[in-house]
Amino acid sequence: MAEAKWVRAAGLTLAVPFILVLARLVNVRGAALLPPPGTARHGDPPGPDALQPLPARTEPFASFGRALLIPLPRAEQRLSLQIDYEAGEGPGVCWLAPEQTAGKQKPFMYTQGQAVLNRSFFPCFDTPSVKCTYSATVKVPEGFVAVMSATSWEKKEDNTFVFEMSHPIPSYLIALAVGDIVAADVGPRSRVWAEPCLIEAAKKEYDGVIEEFLAVGEKLFGPYVWGRYDILFMPPSFPFGGMENPCLTFVTPCLLAGDRSLADVIIHEISHSWFGNLVTNASWGEFWLNEGFTMYAQRRISTEVYGLAYTCLEAATGRALLRQHMDNTGEDHPLNKLRVVIEPGLWERGINPEDTYNETPYEKGFCFVSYLAHLVGDQSKFDAFLQAYVNRFKFQSITADDALGFFLEYFPELKEKGVDSIPGFEFSRWLDTPGWPPFLPDLSPGDALMKPAEELAELWAADGLNMEAIEGVDITAWRTYQLVYFLDQVLQKSPLPQGNVEGLSKMYPKISRSQNAELRLRWCQIILKNDLEAEYSKVKDFLHSQGKQKYTLPLYRAMWAGSEAAQALAMETFSATAPQLHVNVQNYVKKILGLE
């Protein structure tokens, strides 16, 4: 198999080992061999006479891409290949109109590679099993700034930005954003990026916060190898919570609660710096290697920073989401196992890897990693294993067999006991059998936080409110997930008796007037479940302020399942906000409202 050392495309240079994949909207104009290394100065483009044209053709590959085939001559050395192409519209390249941004003044563009969308950005080996370094030269109009997931960047003349990623990463982690953005330092190796109207809020929310999380992560899992850890706060229409692009995490502006109450959400993305970005699943069919280990790492950092009780409470909300997911799909759904078969051959065909995204790799994966820790029986020894695991597989893409084989190699006494084949808990059952996790970690330390929330919800659900008992519960010190748990309990008990929700709203302005998106979502759901028209404006305001899919779709479902007034609110709000929503979210809402 021949190798392509350099693939240069529209200013992008990939150092990769040859079929490339590209989306239908990528137009390949030609391909050519470059002169052998050393015949031109590094970085200088060769003249047209020095290029040897090569034929390039495409073949059907899958519904989510085409194969690009370029025959190469036999060679004893690496070859340098240039591909000229155009990319514009596509699922991985998002163009936002000014009204879809926070400032409403200038357009914005960004790329979203995970899982197999960067093939609409550039021709690439779009599989997590291949890693490469890259460099890029990006020229943008005056008044705009370009940023990328790169270890170094430099601004040149003519508003041209030069980037380089010195560590090998899979194609899905190559990310670009261009917009009216500025930066502010928030730590010795961190800055926040945002539109000018958001930068002060971003700095206030995260100043000094990131370094604490990084330092704990390094203590637990080993050195942070990526140099900087910056955060880009995306426009409100960004439909995702976060994307862990190395050196530059993309996040929703919903994290800017104004009181740091959602600052800890970034721990998950930071944890990907070791699990996912450094050690990567070789196939999207084993996505749990990225997300299950990251959930475990997130909760280890959270335990060190916030304590075990609070972490168990957060994990309980995750377990509830897994239960809800499996109830909706059926436990025996084939995607409810940790090893999903989506690759009959070397290249991913058949099932779109995007379809494997659900709660299973996150929360069932977390349960499996917790089971491995349970087998070890000593937290410090398992922490040491995780460091050794990262060190053994850093910059590599691995399979579940690699990970579990190393676990048994690291703990030979467990291998000798045959822990991989304990009846009912076989490693093969964890991986290949759909359904509820065979083992659940003990979350009882969270009871001290959950029980007061449950009891307070019971008081508010009663026909006659016991105000003395209610006023005896002080929630001023409750953190986000305890409040979320309380509101989830209230929502489950809704509709409440007449007047109770109004009383709850007046009693707890910390909740009913909160700018914390997790609390706003649940408060809006309670408003709709109780048909509290007097507070419909809060639902409308929340939907006008952001376009995150996780928050937007549940509220439209709740409105459409509610009264005529709620349905009218849904139509009115969507009519006003549709232009600011991501096209995928627009289509999902249209489906909910029966508009297509």
Side-chain angles (χ1 to χ4, degrees), residues 100-104 180-187 190-213 229-242 249-270 302 305-306 310 313-314 317 474-488 504-527 535 537-552 554-555 577 580:
Q100 293 176 292
T101 68
K104 312 292 186 187
D180 180 16
I181 51 178
V182 293
D185 289 334
V186 292
S190 300
R191 64 172 66 96
V192 289
W193 293 85
E195 294 180 65
C197 61
L198 294 179
I199 193 65
E200 285 304 317
K203 182 178 181 180
K204 179 181 176 183
E205 201 85 0
Y206 281 91
D207 197 10
V209 171
I210 297 172
E211 185 60 31
E212 179 183 15
F213 298 152
Y229 186 91
D230 291 356
I231 299 176
L232 172 61
F233 286 91
M234 302 294 283
S237 58
F238 186 59
F240 314 107
T249 291
F250 290 8
V251 297
T252 172
C254 292
L255 296 188
L256 301 177
D259 58 3
R260 297 192 170 188
S261 57
L262 286 177
D264 59 330
V265 174
I266 205 67
I267 296 176
H268 181 86
E269 310 306 334
I270 287 174
S302 175
V305 176
Y306 299 115
Y310 186 70
L313 175 61
E314 181 277 321
T317 65
D474 183 6
I475 70 166
T476 55
W478 288 15
R479 293 181 56 83
T480 294
Y481 283 106
Q482 192 170 13
L483 294 170
V484 163
Y485 189 79
F486 164 64
L487 293 178
D488 281 343
L504 196 155
S505 177
K506 292 176 183 177
M507 183 79 178
Y508 307 126
K510 173 182 180 177
I511 293 174
S512 60
R513 299 178 189 171
S514 176
Q515 293 302 302
N516 180 311
E518 292 291 330
L519 301 183
R520 291 180 80 180
L521 168 65
R522 286 159 176 84
W523 185 246
C524 288
Q525 288 174 310
I526 290 169
I527 289 171
E535 297 213 12
S537 61
K538 291 182 178 176
V539 178
K540 185 163 64 174
D541 289 346
F542 186 42
L543 290 171
H544 274 262
S545 72
Q546 56 78 42
K548 185 179 175 183
Q549 184 172 307
K550 174 186 173 183
Y551 301 143
T552 300
L555 291 181
T577 61
Q580 72 185 42

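Distance check: Thr480 OG1 to Asp259 CG gives 7.0 Å after rounding to the nearest 0.5 Å. A distance of 13.5 Å separates CZ in Arg191 from CG in Asp207, rounded to the nearest 0.5 Å.
Proximity of a side-chain donor or acceptor of Glu195 to a complementary backbone N or O of Ile181 within less than 3.5 Å is not detected. The closest donor-acceptor contact from the side chain of Asn516 to the backbone of Glu518 lies under 3.5 Å. Under the 3.5 Å distance criterion, the side-chain polar atoms of Ser190 are left unmatched by any main-chain donor or acceptor of Val186. One N or O on the side chain of Tyr310 and one on the backbone of Tyr481 form a donor-acceptor pair closer than 3.5 Å. Judged by distance alone, with hydrogens and angles left aside, the side-chain atoms of Arg260 form a donor-acceptor pair with the main-chain N or O of Glu205 at under 3.5 Å. Side-chain atoms of Thr317 come within 3.5 Å of backbone N or O of Glu314 as a donor-acceptor pair.
At least one side-chain heavy atom of Asp230 sits less than 4.5 Å from a side-chain heavy atom of Trp193. Side-chain contact between Leu232 and Val192 is absent, with no heavy-atom pair separated by less than 4.5 Å. Between Val484 and Arg522 the shortest side-chain heavy-atom distance falls below 4.5 Å. Looking only at side-chain heavy atoms (C-beta outward), Phe233 and Leu255 come within less than 4.5 Å of each other. Ser237 places none of its side-chain heavy atoms less than 4.5 Å from the side chain of Gln546.
Between Glu200 and Lys203, no side-chain nitrogen of the basic residue sits less than 4.0 Å from a carboxylate oxygen of the acidic one, so the salt-bridge criterion is not met.
Nearest heavy-atom pair, Ala517 versus Tyr551, reported as atom, atom and distance to 0.1 Å: CB-CE1, 3.5 Å. Of all heavy-atom pairs spanning Ser514 and Leu519, the tightest one is OG-CD1, 3.6 Å. Nearest heavy atoms, Pro236 versus Pro253: CA-CG, 3.7 Å. Taking every heavy atom of both residues into account, Ser505 and Lys538 meet most closely at OG-NZ, 4.1 Å. Of all the heavy atoms in Val182 and Pro196, the pair that sits closest is CG2-CA, 4.0 Å. Contact record, Gln100 with Gln580: CG-CA, 3.4 Å, taken as the closest heavy-atom pair.
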Inset, instruction - For side-chain contact (heavy atoms from CB on, under 4.5 Å), just list the numbers for Lys550 and Phe240, CA-CA rounded to whole Å, side-chain angles, deciding distance to a tenth of an Å, and then say yes or no. - result: CA-CA 8 Å; Lys550 174 186 173 183; Phe240 314 107; over 6 Å; no
Inset, instruction - Applying side-chain hydrogen bond (donor to acceptor under 3.5 Å, both in side chains), run through Tyr229 and Thr249 and close with a yes or a no. - result: CA-CA 8 Å; Tyr229 186 91; Thr249 291; 2.8 Å; yes
Inset, instruction - Go through the steps to decide whether Thr552 and Phe542 satisfy the test side-chain contact (heavy atoms from CB on, under 4.5 Å), and finish with yes or no. - result: CA-CA 9 Å; Thr552 300; Phe542 186 42; over 6 Å; no
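Geometrically, Lys510 does not engage Tyr508 in a cation-pi contact, judged by NZ or CZ lying under 6.0 Å from the ring centre and within 45° of the ring axis. Both tests hold for Arg479 against Tyr306: distance to the six-membered ring centre under 6.0 Å, angle to the ring axis within 45°.
Using bins of under 30°, 30° to 60° and over 60° for the plane-to-plane angle, the ring pair Phe486/Trp478 lands in the perpendicular bin.
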